[in-house]
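Accompanying notes for the structure given below.
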Amino acid sequence: MTVLIGITQTPEEAVKNLRSEFTGLGIEAIVGPFRSPDDASSWMQFMMKRTEDYETIPVASNGSENDYWYGFTCDLIDSLAEIFESAH
């Protein structure tokens, strides 16, 4: 199972876009807020070090300079077998 990892100022929009781009998305998590893109990037680096199979999502900055940043992850499930494996 691949984990999609990214940072954004609009987390709901980012997850919505991922759902339209990828089929088989599993559980998603949104973390934050972070005060700066550097803080959010530090979280992303931390997650990348803890995850073996991941894909980073390009950063989309749709907010203003003063908006908070958020991190997000989504499980990209390759098959139904992975769903059953992760449930046990």
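- The distance from atom CG of Asp75 to atom CD of Glu28, rounded to the nearest 0.5 Å, is 9.5 Å.
- For the pair Val3 and Asp53, the minimum side-chain heavy-atom distance is 4.5 Å or more.
- Put simply, the side chain of Arg35 reaches to within 4.5 Å of the side chain of Tyr68, judged on heavy atoms.
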Please tabulate, one pair per line, all N/O donor-acceptor pairs under 3.5 Å involving side-chain atoms of residues 36-47, not counting sequence neighbours.
from  : atom 1 : to    : atom 2 : distance (Å)
Ser36 : OG     : Asp38 : N      : 3.4
Ser36 : OG     : Asp39 : N      : 3.1
Ser41 : OG     : Pro37 : O      : 2.9
Ser42 : OG     : Asp38 : O      : 3.1

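- The heavy-atom pair separating Phe34 from Gly71 by the smallest distance is CE1-N, 3.8 Å.
- Considering only heavy atoms from C-beta on, Ile5 stays 4.5 Å or farther from Glu55 through its side chain.
- Counting heavy atoms from C-beta outward, Tyr54 and Thr73 have side chains that stay 4.5 Å or more apart.
- Remark: Phe72 CZ to Leu18 CG distance equals 5.0 Å, nearest 0.5 Å.
- From Ile30, atom CD1 reaches atom OH of Tyr70 across 9.0 Å, with rounding to the nearest 0.5 Å.
- Considering CG of Leu4 and CD1 of Ile57, their distance stands at 4.5 Å, rounded to 0.5 Å.
- Rounded to the nearest 0.5 angstrom, Asn17 CG and Thr8 OG1 are separated by 9.0 Å.
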